[in-house]
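I have placed the structure first, in the form of structure tokens, so that the comments after it can refer back to it.
Ligands are counted one by one from 1 in listed order, and the atoms in each one are counted from 1 as well. Nothing here was measured: the structure is a model prediction, and the numbers come from that model. In what follows, every heavy atom counts, from backbone to side chain, and hydrogens, waters and symmetry copies are set aside.
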Amino acid sequence: MKAFVFETNGEPSQVLGLRDLPDPAPGPGEVAVRILLAPVHPSDLHIIRGRYGRQPPLPASPGIEAVGVVEELGSGVTTPAPGTRVVLLNVIGTWRQRVVCPAGQLVVVPHGVSDDDAAQAIINPVAAWMLTVGEHRLAHGELLTQTAAGSTVGRLVLQLARSEGFRTVNLVRRHAQIEELAALGADITLCTTDPDWAGQLIEATHGGPRKAIDCVAGQVGATLAETLAPGGRLLVFGALSSHRQTDRSAFEMPVFAPKMIYRGTRVEGWFLFHWLETTPLAESVNVVSTVLDRLNSGALRLPPAVRYKPSDIATAVADADGGSSTANKPVLDIGGNF
Ligand SMILES: NC(=O)c1ccc[n+]([C@@H]2O[C@H](COP(=O)([O-])OP(=O)(O)OC[C@H]3O[C@@H](n4cnc5c(N)ncnc54)[C@H](OP(=O)(O)O)[C@@H]3O)[C@@H](O)[C@H]2O)c1
């Protein structure tokens, strides 16, 4: 089989290569999956560069999710049957033609979900679901504050707000996005380039956010933490303000301690792979199935995929590295011609 492999961490253009490897055989309880499509997430580039929260032992293949077709069952496995379309849960190394993993980590894809959507059905949609419905347990009419509301995760959160009935206060860094997000159902949108955005946020949330999520970190995340209402909880799940930067200080998020102490507020990290490792498999499979059902019904919609041939890997990487990738999602056509 063909596989993208890196033997050392570094710039993708320097360390990522295409290799011919023997087809892996499924052991007892395992399944071999023929990969069709695998997205190129900024997180994949973090893994290649050696800066992600979960680093595979080297040599390794990148790829933190994919859609594929069951090809061969190991002993003791009866389902999913060969030919079934599946996504792979908690498997790192999907940028290869054939992947072997435990049968329990496969989730069957409903017929109505396209390959393009299935390939990107886990990382962002499951994060959006878990942060809002799973962790914050947002009730009907309750208010969630989110940063980088125009991001893929931010737009998924807006769709969930509509289907689950919670309301949103959204923070963006460009005024031009305010109207766009309003059309997507955003209740309130504020711009962090306004000098008094923190005051506007406290007013809009009647005393500060009680439930918030942040994927910007840095000064925006720190200011959001300082505005939290008494007992408020902020889940930090990304650090867009530090992307591509290697300087440690770019990752710092200075929190004003007295506000936390006197108000009993909480600032916590949230990471999908940590959640997967600490959650019973049946529970995480259930969440993925729920998300796939929402994609099937149209309640959740993902950015259009732009398919790249494996030979166009450099362009796919440049696309994922581009910063504002909300218009499309680069996806490697692993099932096509190499
Ligand atoms: N913890 C987890 O398990 C987990 C899971 C999924 C995603 N994430 C993280 O969530 C974040 C969002 O992912 P995504 O795929 O949704 O991203 P994305 O679609 O690529 O996000 C692009 C958006 O982010 C905005 N943005 C970029 N840098 C910014 C900054 N410094 N300040 C404010 N806004 C900024 C852009 O605004 P403009 O339009 O103005 O450029 C654009 O709207 C990433 O950090 C990702 O790593 C974490």
Can a donor-acceptor pair be found between the side chains of Asp44 and Tyr52 at a distance below 3.5 Å? no

Residue pairs meeting salt bridge (charged side-chain N to carboxylate O under 4.0 Å, His left out), one or both in residues 200-220, sequence neighbours left out, come to Glu142-Lys211

Does Pro42 reach ligand 1, in the sense of a heavy atom lying below 4.0 Å from it? no

Tell me whether Lys329 has any N or O atom under 3.5 angstrom from an N or O of ligand 1. no

Inspect the surroundings of CG in Asp196 and state if more than 12 heavy atoms from other residues, nucleotides or ligands are less than 6.0 Å away. yes

Checking the N or O distance criterion of under 3.5 Å, is ligand 1 in contact with Val153? yes

Is it the case that the side chains of Glu164 and His140 hold a donor-acceptor pair, with the cut-off being a distance below 3.5 Å and no angle test? no

Short version for Trp270: what comes under 4.0 Å of ligand 1, heavy atoms counted, is both

For His175, is the NE2 atom crowded, meaning more than 12 foreign heavy atoms sit under 6.0 Å from it? yes

Spell out, yes or no, whether Leu21 and Ile92 are grouped together once hydrophobic residues are joined by side-chain heavy atoms under 4.5 Å, including indirect joins. no

State whether the shortest distance between N or O atoms of Ala148 and N or O atoms of ligand 1 falls below 3.5 angstrom. no

Contact between Gln177 and ligand 1, counting heavy atoms under 4.0 Å? yes

Gly150 heavy atoms within 4.0 Å reach ligand 1 at atoms 43 (O)

Run the numbers for me: atoms of ligand 1, each under 4.0 Å from some heavy atom of Ala127, listed by number. 5 (C), 6 (C)

